[in-house]
Amino acid sequence: MRKLILLLCISSMISCGKPESHHIRLWYNKPADAGTPDLRNGWQNDPEWLKALPVGNGFIGAMVFGDVDKERIQLNEKTLWSGSPDDNDNPDAYESLSKIRSLLFSDRYKEATELTLKTQVCKGAGSGNGNGAEAPYGCFQTMGDLWLDFGTHSNYENYHRELDLEEGLVRISYSQDGVFYSREIFASYPDRALIIHLRSDKKRSLSFSATLDRPERYSLGTDGSTLLMSGYMNNGRGGEGMKYAARLKAFSRNGEINYNDSTLIVKNASDVFLMLTAATNYRQQYPDYKGDDPVCTTFNQINKNASLSYQDLFERHLKDYSSIFDKVSLDLTNDPDTIPTDRRLRNQDDLMLQEIYFQYGRYLLISSSREGSLPANLQGIWANKVQTPWNCDYHTDINVQMNYWPSDVANLQECFEPMTSFIESIVPPGERTAKIQYHAGGWCVHPITNVWGFTSPGEHPSWGMHVGAGGWLCQHLWDHYTFTLDKNYLAGIYPVLTGSAKFYLDWLVKDFESGKLVSGPASSPENTFIAPDGSKAQISMGPSHDQEVIHELFTNVLNAGRILHDSDPLLNRIDSALKILAYPGIGHDGRLMEWRKEFAETEPEHRHVSHLYMLHPGNVIDPEKTPVLASAAKKSLEARGDAGTGWSLAWKINFWSRLHDGEKAYSLLKNLLKPIQTYIIDTANPGGTYPNLFCGHPPFQIDGNFGATAGIAEMLIQSHIKEGDSWLIRLLPAIPSAWAKGSVQGLRARGGFEVSIVWDDHELKTCEIKSLAGSVLHMTYGKMKYSIPTEIGKTYRFDGSLKSILL
Ligand code: FUC
């Protein structure tokens, strides 16, 4: 990173002035209190846990408290789920489908909703209304805790705790009884292990006992050289489900190490490191295949790593981690980093806080989403409960999508693979759901899914009939292609896109009044309107969100078909359907309509803003290309207001950026950065930020972190609008006046470009664009525009008037 800053200083026309030793970090001068955790208290997040610092390698996640006398490291393994595969599709649904549609077409919403509840929703317990820990749906759960008991009780001083975002490492240090102690904790992706390094500056002064526990379903034992915690999850049917194991081993060149059945004991050491491996027998692609025995997997992994010293492990981790993290740097201020992060949070105008928040989002995605495991869930990979909020699953009506908004623009391509393979993995169950529920081809998924392939509608029509989810997921696959232009990738995901399009072709019906194709019965994610029959309803025919998603999917499939030279007649069917697909209208009040009819909302400031999909993350509404739609979208946004849950605020940063209103985007960012003290679920009060900078829905939900990271990138560059065969890169489309000068390096743009910008006095100074795919470069800054053909691997440099500067 220092190298990057140096490079930027040389290449920029402004002086950088950042101290060489500056590492981007979160830091505190107090520990989080390990106390006695209340892991059973449902959805309520533990306030101290929200002070602990997260590390992760996409497989193992850990929250480090940094408590001096008794360290607590709360553990997760990405695949650790209760539950088991279930059949939730309702074969009786189809029979009532056309009746429901006719009722909706004739404005009989109450009856339609009743019939939908009776016939369309999932069979069985579904998600357990978000409490699926003991149901077949299951939930993502804590793997338990690692405790290090130092047996000390005396005062300590010079306490420091930090999460170094440039090294992907937590550091803790303090002095106690005249001895200086330090700890370093990281999760290594190359070596699939959590590493905890402890040191003291005085010989034989480091003694502690380590143990593992879990709120339930675990046993502890030793083979004499490791400590093993293992058990079976609840399969949701009264039996044993997934098997898991966590294994701990100590390595030290000094001191004594002993294991008994419940404890690892280290005595009189001065330098020791612990290695923890964790695994389950879950295999994502094969729900029926139980996978390797985690007791063996954890043993083999420790054996494999055993010849590596702490230094080796750290260097291998750093090489891997920084190869991703260092690709992007953001500089908004030259201030020295002298304020602890929890204090910094008191001032949302603090530019370094914003810089840290952006890079923290990148850190969190690197730590929670790596090739070979599952995508980041509602809490990424960090969850301290048995019954986690909303099962900590994959909500597909905004949440999992938002998790991946930063992956391409913030140059984190390595983190996207789990999303691709997860979407591929829900195609077979989604095909069953499409066939059984709707007698339709292709595949579909509704607003929630889990690791067991749940693709049926949710338990209630109000939220469970979100049919646009599959198309929305496909948007991510296509979008990833547009950043890379990797045709092999496109060929791989093409069947997923066409499968989703096939479903919608069968699902859409003609609205005989207008002759247009509409989706339904469908909700506009989670929003409620007052129907003409006076009832409060959520389902209708042709909610704007679905229409927009399907429009985009069909457009993308046609483009993909052209690129891949596909001559399947399916493309003609898609083309014809696209021509008569209903499109959202503008209401009498000038707002973009959320439903096909002008219904009044029961909650005009509802957190979901799904009907603005084609403004963001879609690419249809644009202030310059579609000014009428853009002003309707603006009116809708104004009516929604500037409050909302964490993710809702994050989405609004992106919306306002797309409307090129940097000041509004900035004020939403500041709203999101406000500290909150609410730990229970609350959709009525605005979200904010916890001391460890986790986003508060509330409770903690990670989508807001990722959404805001993407939003900050969106303020700096945008590339969603097509220009000829390529895309238009907009430089600094929404920077607020508070960002008077700064630089960003390494953001990615569609068409295969890497973009670095320096600005000063609110104006672009220089910009460097590296061509990764040889596309034509179209770019614009303010009213200026410039296009140039590019060569792969070449970097192009421009001044503030977009005049080319020779490198
Ligand atoms: C959707 C949202 C909620 C919450 C949940 C996990 O249902 O409406 O606010 O984020 O997902």
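Just so you know, ligand 1 is whichever comes first in the structure, and atom 1 is the first atom listed for that ligand.
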Any protein N/O atoms within less than 3.5 Å of an N/O atom in ligand 1? List the atom names and distances, or say none.
from: ligand 1; atom 1: 7 (O); to: Glu526; atom 2: OE1; distance (Å): 3.0
from: ligand 1; atom 1: 7 (O); to: Glu526; atom 2: OE2; distance (Å): 2.5
from: ligand 1; atom 1: 8 (O); to: Glu526; atom 2: OE1; distance (Å): 2.9
from: ligand 1; atom 1: 8 (O); to: Glu526; atom 2: OE2; distance (Å): 3.3
from: ligand 1; atom 1: 8 (O); to: Arg607; atom 2: NE; distance (Å): 3.1
from: ligand 1; atom 1: 8 (O); to: Arg607; atom 2: NH2; distance (Å): 3.0
from: ligand 1; atom 1: 8 (O); to: His608; atom 2: NE2; distance (Å): 2.6
from: ligand 1; atom 1: 9 (O); to: Arg607; atom 2: NE; distance (Å): 2.8
from: ligand 1; atom 1: 9 (O); to: Trp647; atom 2: NE1; distance (Å): 3.4
from: ligand 1; atom 1: 9 (O); to: His697; atom 2: NE2; distance (Å): 2.6
from: ligand 1; atom 1: 10 (O); to: Asn399; atom 2: ND2; distance (Å): 3.2
from: ligand 1; atom 1: 10 (O); to: Trp647; atom 2: NE1; distance (Å): 2.9
from: ligand 1; atom 1: 10 (O); to: His697; atom 2: NE2; distance (Å): 3.3
from: ligand 1; atom 1: 10 (O); to: Gln701; atom 2: OE1; distance (Å): 3.4
from: ligand 1; atom 1: 10 (O); to: Gln701; atom 2: NE2; distance (Å): 2.9
from: ligand 1; atom 1: 11 (O); to: Asn399; atom 2: OD1; distance (Å): 3.2

Lys664 and Phe655: side chain to side chain contact (heavy atoms under 4.5 Å, CB included), yes or no, with the steps?
-> CA-CA 9 Å; Lys664 278 296 277 187; Phe655 284 134; over 6 Å; no
Answer yes or no: does atom CD of Glu603 have more than 12 heavy-atom neighbours from other residues, nucleotides or ligands under 6.0 Å?
-> yes
Would the number of heavy atoms belonging to other residues, nucleotides or ligands and lying under 6.0 Å from NZ of Lys110 be above 12?
-> no
Is there a donor in the side chain of Asn384 and an acceptor in the side chain of Thr142, or the other way round, less than 3.5 Å apart?
-> no
Between Thr113 and Gln538, does any side-chain donor sit less than 3.5 Å from a side-chain acceptor?
-> no
Can Arg101 be said to sit on top of Trp507's aromatic six-ring, NZ or CZ under 6.0 Å from centre and within 45° of the ring axis?
-> yes
